[in-house]
*Asks:* 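Mind having a look at this structure? Questions to follow.
This is a predicted model, so every value here is computed, not measured.
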Amino acid sequence: MPMRRKTCTTRTIATPRSIRVAVLAAVVGLVVPYGSTTAHSSPPVAEISYFLHVRKPARVCAGSQLKLAASLQREISQPLPWGGMMNAMDSVGVTAKVADPGVLGPAESLEVTGWDQSSPPEAVFTFAAKKPGLTTITFDADIAHMSEVAGEVHWPGVLTVAPVTREVRVVNCHYKVLVASTWDFPESQLTLTSIFLGAELRFNGDELAAGASATAAVTWGTNKRVSGPCSFTQTIDPSTASLSGEIDESGIVRIKVTWSSSTAHNVSSCPSAGSSAPVTPTPDPITIEMAPGASVKNWSATQTLGFLGRSQAGWADYEIFVVTDEK
């Protein structure tokens with residue numbers, strides 16, 4: 001028995017034998033002479049199904065555009081050795097309705113699937129992603145007034161197609177990251193700080209799953225400490241920090257910041273005291289997580305610094321700003 005789709009329209013033609021032979025010949029593209037001995041004694045009925053095809057959209061960046069193509073598929077199924085066939089239909093109107101036009105727009109639009117085979121038989125829709133959020137688009141094809149012809153038999157009844165709904169998530173994709181870290185060494189009255197400003201992390205539309213990366217310049221600072229008649233200054237060379245991020249299917253953003261090692265020098269104001277050998281301060285990496293749709297987040301978390309042969313706990317303050325791209 002031919003398979004039937006649950007979400008599409010299926011019609012069956014039952015005709016006298018001579019007309020059914022003509023229908024089958026037209027469907028499979030064969031010419032069977034009337035009365036030919038190759039004709040089946042009891043040819044099966046023709047079965048035609050219709051359904052809309054729309055791909056599942058990837059997450060889309062706020063401020064960008066989403067393009068989706070919808071095609072109306074006609075499937076002709078025959079329980080014959082050479083099978084049936086499937087093709088897309090042109091000149092069919094398809095309507096797209098957005099559940100939340102505040103997230104994605106326009107609220108409703110109509111496109112046509114090609115024209116007389118002069119263009120691909122699909123309706124291409126363009127939507128504007130306005131702000132982070134989750135919404136749905138429902139596509140509906142109208143072929144109620146279309147008259148199908150199979151051989152010499154006109155298709156009976158009103159043709160309808162089951163609507164198709166696709167979920168769309170709009171996310172922020174461009175962030176500016178600021179990090180300031182501080183470590184105190186009470187026993188030596190020493191404070192170290194590292195800071196970078198304006199590191200920008202940008203995700204790119206359909207490549208969100210691949211993540212994004214950036215590099216920032218890090219500047220260091222220290223205080224001056226006094227020991228007897230002499231003062232000591234810790235100077236630290238500039239270094240870099242690498243940022244990498246990802247957006248998961250739910251829209252949560254995770255950004256990892258990894259610092260490279262730097263070189264520190266302890267210089268005395270007294271020539272007789274000399275200077276210590278260079279040391280290497282190395283901060284531990286940190287990971288920032290943001291909920292979907294967040295615009296600005298502030299964090300203050302512990303961060304460990306490897307310095308002077310031991311680990312010192314400190315604090316890192318983070319600020320993540322969403323950058324609105326001008327279009």
Side-chain angles (χ1 to χ4, degrees), residues 2-15 19-20 22-24 26-29 45-60 64-78 83-130 133-170:
M3 296 298 293
R4 294 176 179 270
R5 295 179 180 271
K6 295 182 179 180
T7 59
C8 61
T9 297
T10 303
R11 292 288 187 269
T12 302
I13 301 177
T15 67
I19 298 179
R20 282 185 293 175
V23 171
L24 294 175
V27 167
V28 299
V45 295
E47 191 172 88
I48 304 181
S49 302
Y50 299 88
F51 62 94
L52 271 170
H53 173 72
V54 184
R55 70 174 176 84
K56 179 183 177 181
R59 292 151 294 174
V60 57
S64 64
Q65 291 185 333
L66 170 66
K67 289 185 178 293
L68 285 179
S71 61
L72 180 63
Q73 303 288 328
R74 178 206 286 119
E75 183 176 20
I76 304 177
S77 178
Q78 292 284 355
M85 64 181 181
M86 179 186 296
N87 64 320
M89 301 173 61
D90 60 8
S91 305
V92 177
V94 181
T95 301
K97 295 182 180 179
V98 178
D100 187 349
V103 173
L104 194 74
E108 184 173 338
S109 52
L110 171 66
E111 299 292 342
V112 178
T113 61
W115 287 100
D116 300 325
Q117 299 180 353
S118 60
S119 58
E122 58 185 18
V124 180
F125 294 85
T126 301
F127 303 95
K130 300 178 180 179
L134 183 66
T135 188
T136 58
I137 310 173
T138 299
F139 298 87
D140 194 8
D142 182 11
I143 57 173
H145 304 293
M146 190 179 70
S147 177
E148 282 281 3
V149 177
E152 298 177 357
V153 180
H154 287 270
W155 198 252
V158 176
L159 303 180
T160 58
V161 182
V164 171
T165 298
R166 292 289 181 259
E167 186 176 85
V168 179
R169 181 175 293 280
V170 179

*Asks:* Hey, what do you get for OG1 (Thr135) to CD (Glu167), rounding to the nearest 0.5 Å?
*Replies:* 9.0 Å
*Asks:* My understanding is that only residues two or more places apart in sequence, or in another chain, count here; which of them pass side chain to side chain contact (heavy atoms under 4.5 Å, CB included) with Ala70?
*Replies:* Val54, Val94, Phe125, Phe139
*Asks:* Can you name the residues that form a side chain to side chain donor-acceptor pair (under 3.5 Å) with Lys67, not counting sequence neighbours?
*Replies:* Thr126
*Asks:* When the side chains of residues 105-114 are checked against the rest of the protein, which donor-acceptor pairs come out under 3.5 Å, sequence neighbours left out?
*Replies:*
unit_1, atom_1, unit_2, atom_2, d
Thr113, OG1, Met89, O, 3.0
Thr113, OG1, Ser91, N, 3.3
Thr113, OG1, Val92, N, 2.9
Thr113, OG1, Val92, O, 3.4

*Asks:* Of the non-hydrogen atoms in Ser64 and Val60, which two are nearest, and what is the gap between them?
*Replies:* OG-CG2, 3.5 Å
*Asks:* Counting only heavy atoms not in Lys97, do more than 12 fall under 6.0 Å of its NZ?
*Replies:* no
*Asks:* Mind checking side chain to side chain contact (heavy atoms under 4.5 Å, CB included) for Pro57 and listing every partner two or more places apart, or none if nothing turns up?
*Replies:* Arg55, Leu66, Leu68, Arg166, Val168
*Asks:* CG of Leu52 to CG of Asp140: how many Å apart, nearest 0.5 Å?
*Replies:* 7.0 Å
*Asks:* Show the numbers, then the answer: is there a side chain to side chain donor-acceptor pair (under 3.5 Å) between Gln73 and Ser71?
*Replies:* CA-CA 6 Å; Gln73 303 288 328; Ser71 61; 2.9 Å; yes
